[in-house]
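See structure below.
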Amino acid sequence: MSGQPLRLAAIDLGAVRHNVAAVKALVGDDTQVMAVVKANGYGHGAVEVARAAVSAGATWLGVADIDEAVRLREAGLTEPILAWLHGTEATFDVALRHGIDVGVSSVAQLDAVAGAAQRRDAAAGAARVQLKVDTGLGRNGAAEGQWAAVFARAAQLQSAGVIEVVGLFSHLSNANDDEDRQQLSRLDDAVARARGAGLDPAIIHLAATAATLRLPETRLSLVRLGIGMYGLSPFDDRTSADLGLRPAMRLEGRVIAVKRVEADSGVSYGYTYRTAAASTLALVGLGYADGVPRLGSNRAPAWIDGQVYRVSGRIAMDQFVVDVHDGDVAVGDRVVLFGDPADGYPAVEQWAEAAETINYEIVTRIGPRFERRYTS
Ligand SMILES: *Cc1c(COP(=O)(O)O)cnc(C)c1O
């Protein structure tokens with residue numbers, strides 16, 4: 001179908017470039033920027049965002065799993081890529097074949113990477129590994145009690161020419177600045193212990209967007225920039241504009257029917273909404289199957305023709321209704337759920353608040369029926 005799609009995620013790659021350039025300017029020349037494009041670029045399209053980020057100065061790409069990394073390679077991206085989350089069936093052979101750095105959190109994973117390295121042509125050289133340590137998040141990464149074993153095994157495999165430990169990293173809890181500073185000092189300790197074991201990881205990293213912006217001492221060799229690259233704030237108390245960032249996604253639907261109803265008309269399943277007066281109802285062709293959260297029912301905003309209304313009644317699988325009162329709305333009109341507030345659109349955070357979640361979840365959950373269109 002040509003023309004305007006029923007479900008549109010309009011992605012502004014100019015905003016992505018602006019955000020990367022802003023963070024690059026902030027962190028300075030001694031710190032590299034890794035563009036984190038896991039989960040299909042937080043719903044924005046991994047390949048397109050990665051290209052835009054690289055053109056604006058990002059020198060690394062970061063993803064959760066190896067399949068995501070391979071897709072970037074297959075799209076022609078040649079920058080260094082780190083993948084840090086692996087299931088037990090992880091295909092390290094594939095990672096090595098595509099020149100992907102693997103983040104490793106255990107001796108078992110080290111051995112699996114070593115096995116993959118030994119299966120390939122000796123001329124291919126050592127497998128590039130970055131060791132992930134848990135400094136307090138309690139999630140992925142080697143627990144402190146395992147550091148000695150992981151570092152010893154890594155040093156042994158490195159001396160044998162099987163792997164090369166190029167980096168060491170961790171991830172913060174963002175619980176508060178004090179906790180994050182304690183994690184930084186535990187990371188320093190891990191680096192010292194890795195050196196003591198005979199390793200010399202060149203790339204040390206810790207900060208994602210929040211710490212990059214708020215705790216300069218955590219910037220180290222590189223920062224892993226996710227949400228901020230998409231122009232969104234990781235903080236409850238600061239907006240995109242406060243941070244000098246531009247939201248890259250505008251999420252649109254269409255008015256697909258309009259009807260005039262009497263006062264006290266029930267709207268959508270369960271009649272959780274009734275019109276207060278004779279009203280015009282606009283039907284929008286988006287629903288929870290598209291990732292539009294049902295918790296937004298009767299709460300979340302919808303922009304139509306320059307006016308911001310509220311979702312009226314329950315959001316259904318494929319559609320929801322907006323009571324536009326006496327507004328002049330026609331079939332085919334654009335409906336913007338969220339975009340850049342600087343353009344007058346609701347902020348994604350309003351949807352996040354309505355759905356009792358965070359902006360990260362709203363953009364990453366965008367469903368496959370959305371068509372993504374890119375502008376630069
Ligand atoms: C997702 C992720 C990031 C990016 O986090 P943002 O808060 O989006 O910047 C960085 N590092 C790791 C390990 C991650 O999983």
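Just so we're clear, the structure is a prediction, and the values are computed from it rather than from any experiment. Ligands are counted one by one from 1 in listed order, and the atoms in each one are counted from 1 as well.
At a heavy-atom cutoff of 4.0 Å, ligand 1 is contacted by no atom of H205, backbone or side chain. Contacts with ligand 1 closer than 4.0 Å are made by heavy atoms of both the backbone and the side chain of R224.
Residue M34 places no heavy atom under 4.0 Å from ligand 1.
Which of W84, F169, Y360 comes nearest to atom 13 (C) of ligand 1 through a heavy atom is settled by distance: it is W84.
Between Y42 and ligand 1, at least one pair of N/O atoms sits closer than 3.5 Å. Of the N or O atoms in I227, one or more lie within a sub-3.5 Å distance of an N or O in ligand 1. Considering both main-chain and side-chain atoms, L225 never comes within under 3.5 Å of ligand 1 through any nitrogen or oxygen pair.
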**Asked** Going through the distances and angles, do Q32 and T59 end up as a side chain to side chain donor-acceptor pair (under 3.5 Å)?
**Response** CA-CA 6 Å; Q32 302 188 69; T59 48; 2.7 Å; yes
**Check against salt bridge (charged side-chain N to carboxylate O under 4.0 Å, His left out), R186 and D189** = CA-CA 5 Å; R186 275 183 226 122; D189 187 35; over 6 Å; no
**Message:** R260 vs D326, test: salt bridge (charged side-chain N to carboxylate O under 4.0 Å, His left out). Steps then yes/no.
**Reply:** CA-CA 9 Å; R260 189 74 188 166; D326 294 319; 2.9 Å; yes
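Atom 2 (C) of ligand 1 has its closest protein heavy atom at K38 NZ, 2.5 Å. A208 CB, 3.4 Å is the protein heavy atom nearest to atom 5 (O) of ligand 1. Scanning the protein for heavy atoms near atom 9 (O) of ligand 1, the closest one is T209 OG1, 2.5 Å.
The two residues A95 and V102 have their closest heavy-atom pair at CB-CG1, 3.8 Å. Taking all atoms of both residues into account, the shortest heavy-atom contact from P234 to I227 is CB-CG2, 3.9 Å. Here the closest heavy-atom approach between residue G167 and residue P201 is recorded as C-CB, 3.7 Å.
Under the 4.5 Å side-chain heavy-atom criterion for Ile, Leu, Val, Met, Phe, Trp and Tyr, L281 and V322 are members of distinct hydrophobic clusters.
Between R195 and D200 there is a salt bridge, since a side-chain N of the basic residue sits under 4.0 Å from a carboxylate O of the acidic one.
For ligand 1, the atoms closer than 4.0 angstrom to any heavy atom of H171 are 10 (C), 11 (N), 12 (C), 13 (C), 14 (C). Listed by number with element, the atoms of ligand 1 under 4.0 Å from a non-hydrogen atom of K132 are 13 (C).
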